[in-house]
Undergrad: 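Structure below; questions to follow.
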Amino acid sequence: MTSRAIRFNDLSLVETGLSEEVANSLSRVVSSGWYVLGPEVEAFEKEFAETIGTRHAVGTASGTDAISLALIATGVSAGDEVVTSPLTATFTALAISRTGARPVFADVEPNSLTLSAESVERKITPRTKAMVPVHLYGSGCDIEALDRMARERELLVIEDACQAHGATHHGTTLGGWGAAGTFSFYPTKNLGGLGDGGIVTTNDEEIASLVRRLRNGGQASRYVHEEIGVNSRLDEIQAAVLRAKLPYLEAWNRRRRELAERYEAGLASTAFTPVAPLDPSGSARHLFVIRTPEPTSVMAHLRDHGVDALVHYPIPAHLQPAYRHLGQAEGSCPNAEAAAKSMVSLPLYPSLSNEDIDYVVRVLTEF
Ligand SMILES: Cc1ncc(COP(=O)(O)O)c(C=O)c1O
């Protein structure tokens, strides 16, 4: 078999065919002389809200900030508990901690690896104020069940859709379910900038205007600080680049789904089990993750054949050193812990060819 070099990700704008559009966006901003929270941010917020189908979208400096500002704007604060998934970028939990609330980790479903509604139910206490379900790897969690439970228990839902731009779940766009949705524009995301960025989506006018104030130091008007806000402003360059890319998101997600289905078909008769989205047809397929009892050897074998692979995520949030003080020991989230020891993420991005996928499948079949 002829060897190929397949990088884990390919962020080169030339390969996505967008270098000219992005260059035009950059020069538009440079010549405007306005670089933070200006017309590009305003236009992008409007366009992104239309994409998600919410009335408002408010840009922030990162996805982490989007989560914490959404929580603060909905009233979460010190003394509250917020239930979330341990199998996520630990930034989800850090964002909860930043509000002063305590993250509580419920377990994930064994096959989709998304937050288990049953497990969340067991974690609810009189102090629980909100939940932050994560749409992991671009695929919706069981948001219907979680949303129903939240309504019954009068809890807030803040969706972590940081990996799920443009994804749907049973026909409904993710990021528009709960009190607020949150997204990251970190460069590797399905919709990524040339640096950090994030956004809060919501149908609630009050939440939107509070996030708008909080991201800008709590200023209600210039130099008048109504709240102890933060500096989490989205800059014009990121917004202009994201505007150039947004019209391609749907086609990129479609191509990711085609490639993911090709992986699934190719791996069907092997011992590798792909993580199964609850609603594959709506998934944005941010990552393609397989399960294997020998992840370290599988990754070494892939690397020997020119294929980069990673693990998302090797340490569940409840077992991170930063969260030792919470006392959620090993064994408290068995499905997440088992997953962390048996996962490999394979390359998946729109500019990969069918032949690239077939090559990775062949390398895995040879293992
Ligand atoms: C699921 C999830 N939540 C939160 C974040 C945090 O986003 P950011 O890196 O933009 O702060 C990320 C990205 O790293 C993520 O993947």
Side-chain angles (χ1 to χ4, degrees), residues 8-9 11 44 48 57-72 82-99 103 105-106 108 112-115 130-141 143 146 157-167 169 174-175 177-178 180-201 211 215 230-235 238-239 241-242 256 275 277 283-289 310-318 320 322-323 336 339-340 343 345 348-349:
F8 188 74
N9 227 321
L11 301 178
F44 175 65
F48 194 76
V58 185
T60 57
S62 69
T64 308
D65 281 355
I67 299 168
S68 55
L69 293 181
L71 286 166
I72 294 167
V82 177
V83 185
T84 192
S85 170
L87 200 65
T88 178
T90 298
F91 288 92
T92 308
L94 302 180
I96 294 168
S97 298
R98 273 259 307 276
T99 69
F105 302 102
V108 296
S112 69
L113 302 186
T114 51
L115 194 60
M131 59 175 89
V132 179
V134 180
H135 302 308
L136 191 71
Y137 309 148
S139 305
C141 62
I143 188 71
L146 290 163
V157 175
I158 304 294
E159 294 172 80
D160 179 341
C162 285
Q163 301 186 352
H165 316 69
H169 189 73
L174 297 173
W177 271 89
T182 56
F183 295 82
S184 162
F185 300 121
Y186 185 74
T188 57
K189 302 303 187 201
N190 290 27
L191 182 65
L194 298 183
D196 280 307
I199 207 161
V200 175
T201 49
V211 173
R215 74 171 172 187
V230 295
N231 179 347
S232 183
R233 300 180 286 233
L234 185 61
D235 68 66
Q238 299 315 328
V241 169
L242 292 165
R256 283 172 178 272
V275 170
S283 171
R285 297 289 195 166
H286 174 59
L287 290 171
F288 191 84
V289 178
L310 291 172
V311 175
H312 298 88
Y313 294 87
I315 307 175
H318 66 294
Q320 291 285 351
Y323 284 124
M343 290 192 292
S345 307
L348 180 70
Y349 42 94

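The residues of the chain are indexed from 1 along the displayed sequence. Counting convention: from 1, in listed order, for ligands and their atoms alike.
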Undergrad: Who's the nearest protein heavy-atom neighbour of atom 9 (O) of ligand 1, and how far?
TA: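 Ranking protein heavy atoms by distance from atom 9 (O) of ligand 1, first comes Ser184 OG, 4.0 Å.
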Undergrad: Looking at Ala89, which atoms of ligand 1 are within less than 4.0 Å of one of its heavy atoms?
TA: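 Those qualifying, in numeric order: 2 (C), 12 (C), 15 (C), 16 (O).
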Undergrad: Could you say whether the N/O atoms of Cys162 and ligand 1 ever approach to under 3.5 Å?
TA: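 No, no N or O pair falls under 3.5 Å.
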Undergrad: Return the minimal non-hydrogen interatomic distance between His135 and Ala164, and the atom names on each side.
TA: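 That would be CB-CB, 3.8 Å.
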Undergrad: Examine the proximity of ligand 1 to Thr64 and report which part, side chain or backbone, both or neither, has a heavy atom under 4.0 Å away.
TA: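 Under 4.0 Å from ligand 1, Thr64 contributes backbone and side-chain atoms.
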Undergrad: Could you list the atoms of ligand 1 found under 4.0 angstrom from a heavy atom of Gly63?
TA: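 Under 4.0 Å from Gly63, ligand 1 has these atoms: 7 (O), 8 (P), 10 (O), 11 (O).
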Undergrad: Could you tell me which residues satisfy ring pair (Phe, Tyr, Trp, His ring centres under 6.0 Å) with Tyr313, sequence neighbours excluded, listed by chain and number?
TA: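 Applying ring pair (Phe, Tyr, Trp, His ring centres under 6.0 Å) to Tyr313 gives none.
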Undergrad: Of all the heavy atoms in Lys189, does at least one lie under 4.0 Å from an atom in ligand 1?
TA: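 Flag set, Lys189 near ligand 1.
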Undergrad: For ligand 1, find out whether one of its N or O atoms is nearer than 3.5 Å to an N or O atom of Asp160.
TA: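 N/O-N/O distance below 3.5 Å exists for this pair.
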Undergrad: Looking only at non-hydrogen atoms, find the nearest pair between Met343 and Leu113 and report the distance.
TA: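 Closest heavy-atom pair between Met343 and Leu113: SD-CD1, 3.6 Å.
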Undergrad: How close do Gly140 and Leu174 get, counting heavy atoms only, and between which atoms?
TA: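 Where Gly140 meets Leu174 most closely, the heavy atoms are CA-CD1, 3.5 Å.
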Undergrad: Please confirm whether the ring centroid of Tyr323 lies under 6.0 Å from the ring centroid of Phe105.
TA: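 Ring centroids of Tyr323 and Phe105 are less than 6.0 Å from each other.
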Undergrad: What atoms in ligand 1 come closer than 4.0 Å to a heavy atom of Phe91?
TA: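 Listed by number with element, the hits are 6 (C).
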Undergrad: For Phe48, what residues pass the ring pair (Phe, Tyr, Trp, His ring centres under 6.0 Å) criterion, not counting sequence neighbours?
TA: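 Listed in chain order: Phe44, Phe183, Phe185.
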Undergrad: Looking at Val108, Leu136, Val134, which hits side-chain contact (heavy atoms from CB on, under 4.5 Å) with Thr114?
TA: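 For Thr114, the side-chain contact (heavy atoms from CB on, under 4.5 Å) test succeeds with only one of Val108, Leu136, Val134, which is Leu136.
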Undergrad: Within the structure, does Thr88 bring an N/O atom to less than 3.5 angstrom of an N/O atom in ligand 1?
TA: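 The answer is no, given that Thr88 and ligand 1 share no N or O pair closer than 3.5 Å.
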